[in-house]
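Quick caveat: nothing in here was measured; it's all calculated off a predicted structure. Here is the naming used below: chain letters follow the sequence lines, and residue numbers restart at 1 for every chain. Just the heavy atoms: all of them, side chains too, but no hydrogens, waters or symmetry mates, feed the values below.
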Amino acid sequence: MAMILSLTLNGRQRTDLVPDNLLLVEYLRDMAGLIGTKRGCDGGECGTCTVLVDGVPRHACLTLAARCGGRHVETIEGIGSPGRLSRLQRAFHEKLGTQCGFCTPGMIMAAEALLRRNPNPEEAQIRAALSGNLCRCTGYVKIIESVQAAAGDAP
Amino acid sequence: MSLLPSFELIRAASLAEVAAARRLHADCRLLAGGTDLIANLRHGLGGPAALVDITGLPGMQEIAAEPAGIRIGAGVTLSRLADDPLIRRHFPALAEAAATVAGPTHRASATLGGNLCLDTRCVFYNQSDWWRQSNDFCLKYRGTVCHVAPTGNRCHAAYSGDTAPVLLVLGAQAELGDADGTRRIALNELFREDGAAHLALGAEEMLLSVRLPIEPRLAAGYEKARLRGAIDFPLAGVAVSLRRRDGALDGLRIALTGTNSRPLLLSGCEALIGGPCDAEALRQISKLVQKQVSPMRTTIVPAHYRRRVAAALACRLAARLFSSPATA
């Protein structure tokens, strides 16, 4: 079975015919061509597919695209623009929060949701907000420093 | 080429529509947050012809104060449960337990009903299709032998929901419903000690809500041992509720998860009522736990460790609650 899906993707209205069993991560990467959202563990364990649905972090690998009708979906491509990095992207760049880069889109989306909710988070709150995101380079210290820098309270 | 097996997504707006979908597709599955179901389908664990989205059913998202307590809709998300002021005031242990489930992103969509009805877990079951195929599958799905206990005749997969033990020690009731109406049972009666069929639900029945009585001076808590501190199912999880009167135990309930195919409400705790929660009482609690739990080789951590850690957590929690000001 398939259905007509209408949603707002990174601020733009889109309508597509999607099969009922299409995952949001497949929709984003294969139909919308937004390959910034990564496919990692495919089971909700690594967080690299994290996107925002109505401003709340969601695993795109555990979300059916068909259930996103009428919603606002944001991916890493909607954060900043070419040549104009967002505050989080700039902080990850300058504080070396990005190593191999595979977890970075998910880290930035989870951190983006945190900073919108709480512009001045404590370190413990940053750790809690990113606790569902794995970094396979284990560069967590630099990632947390990057989020602190973006929040404007870096030491 | 899709990652998930093919199915039809049906949105149900009433119990009658859920029943109609179930009659049409006998093997359909109910979908709420989907954080466990979708991951399992991705692993080839089940190939239902339809998923029935139940998040639109009336009353599923409500937390409501009632004369005798609080009613929590099965569709309430775990993150809301962890943050809700009413829950935090009356049942802080439930909020704590909800906050220990998986990671923050899971909790934003995972629901209380989904956590209570969570599929049982096992190292021989939660694997990819080719892994299980190379192992000739298992009794829980597509196979004939339980690799955990090959000479036995039942599946030993472990129940791993974190909210059930807390709800059990708080005296929760479950409201079940189908197209013909609803009924209430003690939450303890929702579960069976069978890893392949651990829910005692009728063919068309589903969990609608949970009701909790407000009991004064009852202190409760939940602790779990897990491999990955940030995101993980419990190797063993323990909930304790107790009251104290004149320096003695006046009410004690202990429930466990992760150790059996169902959440286990410990029996024999009443023998400790009237006495202090001293070293001897803690020894008795440890004995009760170790005697009644039956962890099996369902995780990569040995069963005897999970048995001992369950007992240690129960003792630690009982001692902490007994000396907490909330019970005085």
Any donor-acceptor pair under 3.5 Å from A:N21 side chain to B:P5 backbone: yes
Donor-acceptor contact below 3.5 Å, side chain B:H106 vs main chain A:G44: yes
Heavy-atom neighbours of [X] [atom1] exceed 12 at 6.0 Å:
{"X": "A:L17", "atom1": "CG", "value": "yes"}
{"X": "A:L96", "atom1": "CG", "value": "yes"}
{"X": "A:R12", "atom1": "CZ", "value": "no"}
{"X": "B:R29", "atom1": "CZ", "value": "no"}

Indicate the atoms forming the closest heavy-atom contact of [X] with [Y], along with that distance.
{"X": "B:P104", "Y": "A:G132", "answer": "CD-N, 4.0 Å"}
{"X": "B:L3", "Y": "A:E26", "answer": "N-OE2, 2.9 Å"}
{"X": "A:A66", "Y": "B:R11", "answer": "O-NH2, 2.7 Å"}
{"X": "A:S131", "Y": "B:A230", "answer": "O-CB, 3.2 Å"}

Within-4.5 Å side-chain heavy-atom neighbours: B:T55 and A:R67: yes
Steps toward side-chain contact (heavy atoms from CB on, under 4.5 Å) verdict (A:L64, B:L51): CA-CA 11 Å; A:L64 295 178; B:L51 298 190; 4.2 Å; yes
Side chain, backbone, both or neither of B:S109 within contact of chain A (heavy atoms, under 4.5 Å): side chain
Euclidean distance, B:I231 CD1 relative to A:E45 CD, rounded to 0.5 Å: 7.5 Å
Inter-residue atom distance A:D42.CG - B:L4.CG, 0.5 Å rounding: 9.0 Å
Toward chain B, the part of A:A2 with a non-hydrogen atom under 4.5 Å: neither
Interchain contact, A:A113 with chain B, by part (heavy-atom threshold 4.5 Å): neither
Residue, of A:R127, A:R39, A:M3, that accumulates the most heavy atom pairs under 4.5 Å with chain B: A:R39
Check against side-chain contact (heavy atoms from CB on, under 4.5 Å), B:R228 and A:L134: CA-CA 11 Å; B:R228 185 176 163 198; A:L134 282 179; 3.1 Å; yes
